[in-house]
2 protein chains.
Amino acid sequence: MSSDASPAPAKTPVTLREVAAAAGVSVATASKALNGLGRMTAETRERIRETAQRLGFRPNSLAQSLLRRRSFTVGLLTNDTYGRFSLPVMSGISDALVDKGVSVFLCNVEDDQRLGQLHVDAMLDKRVDGIIATGKRIDRHLPVDLSNLGVPVIYAFTQPDPGAIAFVSDDAGGARLAVEHFCRLGRRRIAHVTGPASFAVVHARAQAYRDVLTEKGLPVMEPLLGSWSEAWGHEAVKKLFDRKGEKPDAVFCGNDQIARGVIDALRERGLDVPDDVGVIGFDNWQIVAEATRPPLTSVDMNLAALGREAGLTLLSLVGGEPAEPGIRKLPCRLVVRQSCGRPPGG
Amino acid sequence: MSSDASPAPAKTPVTLREVAAAAGVSVATASKALNGLGRMTAETRERIRETAQRLGFRPNSLAQSLLRRRSFTVGLLTNDTYGRFSLPVMSGISDALVDKGVSVFLCNVEDDQRLGQLHVDAMLDKRVDGIIATGKRIDRHLPVDLSNLGVPVIYAFTQPDPGAIAFVSDDAGGARLAVEHFCRLGRRRIAHVTGPASFAVVHARAQAYRDVLTEKGLPVMEPLLGSWSEAWGHEAVKKLFDRKGEKPDAVFCGNDQIARGVIDALRERGLDVPDDVGVIGFDNWQIVAEATRPPLTSVDMNLAALGREAGLTLLSLVGGEPAEPGIRKLPCRLVVRQSCGRPPGG
DNA sequence: CGCGATTGGGAAAAGGTTTTCTCAGAGGAA
DNA sequence: TTCCTCTGAGAAAACCTTTTCCCAATCGCG
């Protein structure tokens with residue numbers, strides 16, 4: 001009965017030299033044995049493997065990186081520490097990379113140029129294989145210059161440099177999803193309440209909203225632009241329902257907070273959601289979407305998938321494979337809960 | 001007029017050897033010149049410095065780390081990718097470390113033991129100087145074993161191993177802050193609506209709530225335990241205000257979502273906040289606290305400061321300075337908005 | 001002018017791994 | 001037995017920087 005060789009957690013890491021000595025071979029042979037390279041008897045290889053195992057040998061990644069000029073490390077730059085947008089993106093990136101042995105440096109640069117330079121320099125010094133930039137807005141640059149860095153750069157959910165590779169959500173497509181869903185449910189007077197004109201996504205979504213309604217031959221109500229807040233949702237309901245003429249039977253909102261405000265305001269007016277008015281939000285911020293009464297149908301930007309895609313693309317770039325520059329729009333999906341109603345026959 | 005030597009962004013990084021060659025000295029001298037060590041004429045030093053500057057030399061951190069046995073890198077383990085608790089913690093950690101040239105590996109281990117091991121191994125292979133563990137609950141372990149790793153470990157806002165160093169928020173202190181504030185404002189019948197009994201913080205805060213009221217000679221109403229949701233806030237108001245006897249004139253809530261539910265429910269009953277009933281939340285989740293009507297007074301756990309503290313402590317540990325094991329509770333602070341009312345004379 | 005001390009700078013090892021080259025010995029063929 | 005070809009394994013260079021030791025030249029002083 002062989003005693004179980006528990007690989008003692010090394011206080012001081014075991015080196016290849018020690019493994020080689022213990023196995024009675026040279027470091028060269030030990031290296032080749034563990035990497036499955038070189039030529040040697042099966043017994044020798046196995047003996048070295050066992051010795052390494054027993055000693056708890058793990059190759060020093062710094063030494064490997066130095067030699068290979070590849071650190072299995074990427075930098076993730078963001079200016080959205082607290083936000084809920086870049087987080088799923090980060091998570092997706094990390095997910096995509098961990099299995100390939102790649103670790104991620106998280107660098108929050110706020111909106112501070114000095115901090116940005118500091119982080120970029122630190123990343124470059126540490127010889128990251130590549131950099132992913134992400135942010136809280138799709139139409140704003142990070143406060144850093146990422147051109148000519150000598151390592152591949154990918155932009156994910158932030159404004160890219162011209163000629164770069166970027167992944168963003170397809171906001172127009174997401175808006176279509178929502179409006180078309182309302183159409184399918186038989187809604188005829190669909191309003192759009194959204195954020196400030198300073199956001200590019202506001203225009204992209206509003207245009208898609210108009211396009212769908214025009215295609216379907218439904219009346220287009222001019223989108224109401226305001227802030228991204230619940231309060232604006234309240235106010236917008238007042239504007240929509242106090243004016244004379246036909247009232248909307250559906251409201252497509254630019255984010256979930258606005259939608260929350262809209263739903264609350266409708267209820268306060270005695271209007272039923274979804275029977276009288278259907279509501280769809282944007283972002284699918286779970287904690288908000290599930291707290292509205294009734295739970296909110298919302299457009300999800302698939303940010304984790306976006307991050308995953310960005311991570312994999314960066315890796316292929318690092319591997320030397322070519323990739324077309326340009327902006328890739330990834331599709332959104334509609335998460336149907338109860339605020340939009342059921343099909344007429346349903 | 002000297003032409004401005006623009007440090008050309010190196011496609012392939014410049015090495016010390018190249019700097020030395022360009023300056024006509026040995027690498028040893030170049031190294032010493034740039035690090036302010038050794039003895040040489042001021043001119044030599046300056047010439048080397050200029051050459052390095054001109055060539056855009058930046059020392060290869062991997063080589064330095066290999067030699068110094070210090071990577072200026074720490075790992076941050078979390079199981080709270082989407083959550084709002086560990087984010088401020090992370091931000092604080094990163095803030096504290098970036099100025100010391102230390103970068104942070106962000107590792108999301110979800111609740112997956114395999115993933116945890118994967119990340120820990122990767123971090124160890126990359127020779128992190130230390131590890132910080134953080135999570136979404138103060139009373140749950142991460143799914144990883146961090147004992148005997150050979151590098152210092154600090155716990156921040158997660159359940160520590162015995163004998164480890166941990167930073168957590170002082171939940172009892174935070175609760176005292178809230179309840180004492182109500183007392184100062186002259187509220188006499190203060191209720192407590194909080195989360196499920198399975199959370200340690202629920203008990204800590206509830207006990208502090210009882211303690212303060214007892215100290216002040218005010219009636220203690222048994223805390224209402226439920227879920228962390230708005231819906232529970234609604235329900236709790238029903239329980240509190242439908243029963244006979246005196247009604248509360250203040251409600252201290254276990255988190256901001258509950259508080260939001262409470263405020264909405266009170267308004268629906270025609271009760272004024274803060275005139276009839278004061279409300280204080282917990283967590284100071286800005287986006288919720290500022291969306292309630294009126295804006296919510298809430299206890300802030302100072303998580304960024306907690307993270308900063310954890311980061312600095314880890315660094316001192318890495319530097320070889322000793323530190324007492326144990327759990328350090330960091331104070332909360334009360335962020336006063338409008339839901340709690342003003343002093344009687346105010 | 002002779003001697004010791006100082007000065008300016010270089011050679012080399014170290015850190016841990018990978019990879020190319022080299023080489024000793026064994027085996028086979030003639 | 002001699003020559004040639006494999007086979008198994010080791011030596012050494014390379015990656016890039018830091019640091020210790022060392023050496024040649026200069027300086028000061030008697």
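In what follows, every chain begins at residue 1, and chains take the letters A, B, ... in the order their sequences are listed.
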Tabulate atom names and distances for all N/O pairs under 3.5 angstrom spanning the protein and nucleotides 9-13 of chain D.
residue : atom : partner : partner atom : Å
D:dA9   : OP1  : A:Thr44 : OG1          : 2.8
D:dA9   : OP2  : A:Thr41 : N            : 3.0
D:dA9   : OP2  : A:Thr44 : OG1          : 3.4
D:dG10  : OP2  : A:Ser26 : N            : 3.0
D:dG10  : OP2  : A:Ser26 : OG           : 3.2
D:dG10  : OP2  : A:Thr29 : OG1          : 2.5
D:dG10  : O6   : A:Lys32 : NZ           : 2.9

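- Checking the phosphate oxygens (OP1, OP2) of D:dT18, a side-chain nitrogen or oxygen of B:Ser31 falls inside 4.0 Å.
- Distance CG (A:Asn60) to P (C:dA14): 17 Å, rounded to an integer number of Å.
- Taking OG1 of A:Thr313 as the reference point, atom CD1 of A:Ile165 lies at 7.0 Å (rounded to 0.5 Å).
- Atom CD of B:Glu18 is separated from atom P of D:dT17 by 9 Å (rounded to the nearest Å).
- Residues B:Asn79 and B:Gly135 approach most closely at OD1-CA, 3.1 Å, considering heavy atoms.
- As a whole-Å value, the separation of B:Arg127 CZ from C:dT17 C1' is 11 Å.
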- Item | Residues A:Thr73, A:Lys126; criterion side chain to side chain donor-acceptor pair (under 3.5 Å); working and verdict | CA-CA 9 Å; A:Thr73 277; A:Lys126 282 170 181 138; over 6 Å; no
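- A salt bridge links B:Lys136 and B:Asp111; the closest N-O separation between the charged side-chain nitrogens and carboxylate oxygens is under 4.0 Å.
- Taking atom CG of B:Leu16 as the reference point, atom P of C:dG10 lies 12 Å away to the nearest angstrom.
- Between A:Asp161 and A:Leu146, the shortest heavy-atom distance links the atoms OD2-N, 4.2 Å.
- If you measure from atom CD of A:Glu46 to atom P of D:dG8, you get 16 Å, rounded to the nearest angstrom.
- Rounded to 10 degrees, the angle separating the terminal helix axes of the helix from C:dC1-D:dG30 to C:dA30-D:dT1, each built from five base pairs, is 60°.
- Aromatic rings of A:Phe157 and A:Phe167 (six-membered ring for Trp) have centroids beyond the 6.0 Å cut-off, not under it.
- The minimum heavy-atom distance between B:Arg308 and B:Asp95, with the atom names listed, is NH1-OD2, 3.9 Å.
- Summarising the geometry, the separation between CG on A:Leu62 and C1' on C:dA14 is reported as 15 Å, rounded to the nearest angstrom.
- Near-neighbour residues of DNA chain C inside residues 64-75 of chain B, defined by a heavy atom below 4.0 Å, number-ordered: B:Leu66, B:Leu67, B:Arg69.
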- Full working for side chain to side chain donor-acceptor pair (under 3.5 Å) between B:Asn108 and B:His119: CA-CA 8 Å; B:Asn108 175 29; B:His119 275 298; over 6 Å; no
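- One atom, CG of A:Leu37, and another, P of D:dG8, lie 15 Å apart when rounded to the nearest Å.
- Residues B:Gly130 and B:Leu314 approach most closely at C-CD2, 3.9 Å, considering heavy atoms.
- One distance of note links CD of B:Gln159 with NE2 of B:His141; it measures 5.0 Å at 0.5 Å rounding.
- Distances shown here put a side-chain N or O of A:Asn35 below 4.0 Å from the OP1 or OP2 atom of C:dT18.
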- Give the C-alpha distance, both sets of side-chain angles, the deciding distance and a yes or no for side chain to side chain contact (heavy atoms under 4.5 Å, CB included) between A:Asp99 and B:Leu118. CA-CA 8 Å; A:Asp99 284 318; B:Leu118 204 60; 3.9 Å; yes
